[in-house]
Amino acid sequence: MINISFPDGNQKSFDEGVSAIDIAKSISSQLAKAILTATLNGETIEPGAPIYASGEIKFFTWDNIEGKKVFWHSSAHVLAQTILEFYPNTKLTIGPPIDNGFYYDVDLGEETIHEADFEKIEKKFIELARQKAEFKMRSQTKQEALDYYKSKNNPYKVELIENLEDGTITFCDHANFTDLCRGGHIPNTGLIKAVKITSAAGAYWRGNENNPQLTRIYGVSFPKQTLLEEYLQFLEEAKKRDHRKLGKELELFTFSQRVGQGLPLWLPKGAMLRERLENFLKAAQKKAGYLPVISPHIGSKELYVCSGHYEKYGADSFQPIQTPHEGEEFLLKPMNCPHHCEIYKSSPKSYKDLPVRFAEFGTVYRYEQSGELHGLTRVRGFTQDDAHLFCTNDQVKEEFKNVIDLVLYIFKTLDFKDYTAQISLRDKENRSKYIGDDANWEKAENAIIEAAAEKELNTVIEYGEAAFYGPKLDFMVKDALGRSWQLGTIQVDYNLPERFDLEYTGADNQKHRPVMIHRAPFGSMERFVAVLLEHCEGKFPLWLVHNQVAILPVSDKYNEDAQNLLKLLNNYDIRAFVDERSEKVGRKIRDTEIQKVPYMIILGEKEIESQKISVRRQGKGDLGSFGVDEFAKLITEEIKKELN
RNA sequence: GCCGAUGUAGCUCAGUGGUAGAGCACUUCCUUGGUAAGGAAGAGGUCACGGGUUCAAAUCCCGUCAUUGGCUCCA
């Protein structure tokens with residue numbers, strides 16, 4: 001007999017060789033049906049495998065992340081099985097679960113998979129899953145495993161096995177299919193009731209672009225058909241929030257082939273939106289003691305040779321601009337920092353001057369790889385809400401914390417609640433990617449870690465994500481489809497002050513190096529607007545929206561009254577317009593709703609007689625009658641609340 | 001940059017070798033209305049661009065450009 005204890009503290013005895021499913025059955029048959037995976041003493045076990053030792057058992061279902069991962073991992077096996085049915089010469093590589101499903105990387109040889117094939121793959125997948133094959137693990141020696149895959153002419157699996165310890169190599173069989181596998185499966189394939197192949201794309205073996213390119217087949221599977229339908233619904237919703245679609249509809253920005261790839265053109269409404277965002281930040285920065293500076297869009301190549309940017313990115317950037325003079329070269333600026341360093345140097349600094357904080361909405365140009373361009377989130381010309389803080393060593397932490405406050409203020413105002421603060425440090429293995437000495441790096445990394453801790457930020461540490469000149473604190477947010485983007489960033493830099501020979505005179509009358517903090521709370525205005533659009537689904541807060549109020553006369557007869565009302569509202573600094581079209585009021589309301597104008601005023605005989613306006617709120621409907629003063633107050637109060 | 005897909009009217013899209021289509025938007029006219037689509041007529045396209053095959057190409061083939069889903073990259 002063995003003793004099994006449960007998370008709630010209960011204990012039960014079972015015969016040796018009992019399986020996790022048997023144990024679940026002893027509690028309830030419903031649980032036994034629902035469990036996808038289990039752990040014994042924290043180790044994942046196969047639900048159907050016999051247990052010979054006492055321990056603590058835990059069950060996981062679809063409602064747990066652990067359950068989903070195992071479900072999707074098992075689905076990847078079935079996907080591979082399905083692919084082999086259609087493409088028997090396929091070489092399998094790896095097939096892990098991901099946040100929203102799973103993928104399998106396969107080498108199809110000469111074959112290609114097209115979107116048109118997805119349906120037949122899905123059909124076959126479910127057909128195979130319905131066989132309710134059990135997943136069974138077995139061990140093999142390293143030599144046996146290597147021989148097996150060598151005989152199958154599969155160099156990928158051979159490479160994987162070569163990196164494994166003998167004695168730890170296991171395979172998983174189900175039906176006629178076998179795969180190298182660490183383990184952790186659902187009881188049988190029959191639990192997979194629905195599957196959707198979402199895309200097929202190229203992916204390099206082991207993520208290295210020098211390696212052969214494989215075909216990565218993405219899928220997502222569910223234990224119930226209705227869950228798949230809900231998922232498809234979610235994708236539809238996400239499409240509606242896509243900033244590229246909303247940007248077009250709201251006439252914010254466009255692209256032109258003739259201007260060039262990745263070079264956004266801001267339309268008037270978009271430009272005005274940006275202006276409001278910029279003014280908002282400028283006001284906050286003024287309060288925080290920033291000084292505005294302005295620098296040109298190009299700079300001498302020497303400037304970037306000095307900063308190290310040219311060595312690091314020169315070959316993959318827009319190439320130098322020539323002048324009529326031999327040997328004279330300029331670069332489109334990829335960064336504002338070198339210019340700001342020169343501004344710092346324009347006059348001698350004393351410790352009494354520090355910290356100095358130079359801020360500029362600086363437009364920079366980076367030659368991003370063509371395949372990487374994406375709407376406004378990844379472009380080749382964009383404006384950073386950049387600032388560089390020059391301070392003494394003692395001031396670094398305090399300044400850093402003040403910047404964190406500024407970023408959080410912006411996030412709060414714009415209702416970004418779901419963000420991660422990522423501490424981006426050096427790659428532990430590959431130090432050659434970075435400039436500057438170890439001692440300074442360590443100082444900078446510690447300053448960030450401490451400042452984040454003192455601000456009680458929830459942080460994750462990512463190694464290898466630092467900039468080449470210093471570590472960063474990055475604020476990451478997700479777009480409508482769950483893709484993660486970096487918005488705000490704060491970076492501590494001991495290197496550029498060194499390279500640009502920046503100094504200040506200390507109280508000891510000696511020369512000292514200042515420390516630089518690079519920071520951009522929005523990051524890039526382009527990306528920020530994109531993420532903001534997706535976040536609020538195009539329904540901007542009142543202080544930001546283009547038209548706050550639409551005045552809808554019930555008929556042409558009231559157009560003049562509407563114009564008079566418009567003037568009144570303008571006097572209150574309310575942005576409004578009159579819909580003078582010869583349409584019925586129902587039609588005007590519908591169009592205004594679609595345009596996402598927050599407030600509507602219906603104006604007809606009733607309103608003119610009573611001297612009260614009828615107000616509607618977008619998405620909410622009729623709010624009733626208001627005096628004009630009263631309505632104006634409503635608007636100004638709402639804006640005040642939004643901006644705190 | 002690499003792998004796959006896509007490119008037809010301002011927008012969303014149909015059109016598998018035989019005279020370019022729909023809905024919405026737009027223009028004009030009728031309608032003058034009460035809280036999410038009133039009616040009619042009209043205008044609008046070198047089917048991304050360049051080659052090729054064919055009696056004939058939006059449609060088939062090749063190339064280029066752009067967009068897009070991934071991979072890699074991201075100062």
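The aromatic ring of A:Y313 stacks onto the base of B:A75, its centre lying under 5.5 Å from the centre of the six-membered base ring with the two planes under 30° apart.
Within the model, atoms CG of A:D474 and CD of A:Q486 stand 4.0 Å from one another, a figure rounded to the nearest 0.5 Å.
Cation-pi geometry between A:R616 and A:Y599 is not met: the NZ or CZ atom fails to fall both under 6.0 Å from the ring centre and inside 45° of the normal. Seen from the ring of A:Y104, A:R216 does not count as a face-on cation partner, given the 6.0 Å and 45° thresholds. Stacking of A:K196 on the aromatic ring of A:Y231 is not recorded, the 6.0 Å distance cut-off and the 45° axial limit not both being met.
If you measure from atom CD of A:E119 to atom C1' of B:A5, you get 17 Å, rounded to the nearest angstrom. In this structure, A:Q261 atom CD and B:U64 atom P are separated by 14 Å, rounded to whole Å. If you take CD of A:Q422 and P of B:C74, they are 13 Å apart, rounded to a whole angstrom. A:L603 places its CG atom 14 Å from the P atom of B:G33, with the value rounded to the nearest Å. What separates NZ of A:K312 from P of B:C74 is a distance of 7 Å, to the nearest Å. For A:Y469 and B:C74, the OH to P distance is 13 Å, given to the nearest whole Å.
For the P atom pair drawn from B:G17 and B:C61, the interatomic distance equals 12 Å after rounding to whole Å. For the C1' atoms, the distance from B:U64 to B:C74 is 27 Å, rounded to whole Å. Comparing the same atom, P, in B:A14 and in B:G7 gives a spacing of 8 Å after rounding to whole Å. Of the C1' atoms belonging to B:G21 and B:A43, the separation is 16 Å, rounded to the nearest Å. Here the separation of B:U8 from B:C3, taken at their C1' atoms, is 27 Å to the nearest Å. For the C1' atoms, the distance from B:A40 to B:A36 is 23 Å, rounded to whole Å. A gap of 16 Å separates the C1' atoms of B:U16 and B:U54, to the nearest Å. Nucleotides B:G23 and B:G44 are separated by 15 Å at their C1' atoms, to the nearest Å.
One N or O donor and one acceptor, one from the side chain of A:E593 and one from the base of B:A36, sit under 3.5 Å apart. The base of B:C73 sits within donor-acceptor range of the side chain of A:R378, with an N or O pair under 3.5 Å. Between the side chain of A:Y204 and the base of B:G70 there is no donor-acceptor pair of N/O atoms closer than 3.5 Å. With hydrogens and angles ignored, no donor-acceptor pair closer than 3.5 Å exists between the side chain of A:Q257 and the base of B:C65.
For A:E607, taking side-chain heavy atoms from C-beta onward, the closest of the listed nucleotides B:U68, B:U32, B:G34 is B:G34. With B:G33, B:G34, B:G4 as the choices, the nucleotide that has an atom nearest any side-chain atom of A:T112 turns out to be B:G4. For A:S555, counting side-chain heavy atoms from C-beta on, the closest listed nucleotide (B:G34, B:G33, B:G38) is B:G33. In the set B:A5, B:C71, B:A75, the nucleotide with an atom closest to the side chain of A:R366 is B:A75. With B:A36, B:C74, B:G1 as the candidates, the nucleotide lying closest to the side chain of A:R590 is B:A36.
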Between protein and nucleotides 24-30 of chain B, what N or O pairs are separated by less than 3.5 Å?
from: B:A25; atom 1: OP1; to: A:R587; atom 2: NH2; distance (Å): 2.0

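In this structure, A:E537 does not pair ionically with A:K240, as no charged nitrogen and carboxylate oxygen lie closer than 4.0 Å.
Pairing for B:U35 is absent, with no Watson-Crick or G-U wobble pair whose two atom distances lie under 3.5 Å. In this structure B:A58 sits in no base pair that meets the Watson-Crick or G-U test at under 3.5 Å.
One finds no side-chain N or O of A:R216 lying less than 4.0 angstrom from the OP1 or OP2 phosphate oxygen of B:C2. Residue A:Y218 places at least one side-chain N or O under 4.0 Å from the OP1 or OP2 atom of B:C71. Checking the phosphate oxygens (OP1, OP2) of B:A37, no side-chain nitrogen or oxygen of A:K584 falls inside 4.0 Å. Phosphate contact (OP1/OP2 of B:C71, side-chain N/O of A:Q213, threshold under 4.0 Å): absent. Side-chain nitrogen and oxygen atoms of A:K472 include at least one within less than 4.0 Å of the OP1 or OP2 phosphate oxygen of B:A75. Checking the phosphate oxygens (OP1, OP2) of B:U67, no side-chain nitrogen or oxygen of A:H374 falls inside 4.0 Å. Under 4.0 angstrom from either OP1 or OP2 of B:G1 there lies at least one side-chain N or O belonging to A:S370. Proximity of A:K588 to the phosphate of B:A37: no side-chain N or O atom is located under 4.0 Å from OP1 or OP2.
Relative orientation of the A:F390 and A:H388 rings is tilted, given thresholds of 30° and 60° on the angle between their planes. A perpendicular orientation is assigned to the rings of A:W441 and A:Y434, their planes being inclined by more than 60° (bins at 30° and 60°). Under the 30°/60° scheme for interplanar angles, the aromatic rings of A:H309 and A:Y304 are found to stand perpendicular. Between A:H297 and A:Y365, the ring-plane angle classifies as tilted under the 30° and 60° cut-offs. Aromatic ring orientation, A:F102 versus A:F125: parallel (interplanar angle below 30°, classes split at 30° and 60°).
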- Is there a side chain to side chain contact (heavy atoms under 4.5 Å, CB included) between A:F400 and A:V492 once you walk through the steps? CA-CA 8 Å; A:F400 201 94; A:V492 178; 3.5 Å; yes
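At a threshold of 4.0 angstrom between heavy atoms, the contacts of A:G314 with the nucleic acid are absent. Nucleic acid contact class of A:T592 (heavy atoms, under 4.0 Å, all strands): none. Residue contacts for A:G586: at a heavy-atom cut-off of 4.0 Å it reaches the sugar-phosphate backbone alone, with no base atom in range. At a threshold of 4.0 angstrom between heavy atoms, the contacts of A:G371 include nucleobase atoms, whether or not backbone atoms are also involved. Using a 4.0 Å heavy-atom cutoff across all strands shown, A:T198 reaches no nucleic acid atom at all.
Comparing A:A203 and A:A466, the nucleotide of RNA chain B nearest to each residue sits closer to the 5' end for A:A203. Nearest-nucleotide positions on RNA chain B place A:V554 closer to the 5' end than the other of A:V554 and A:L373.
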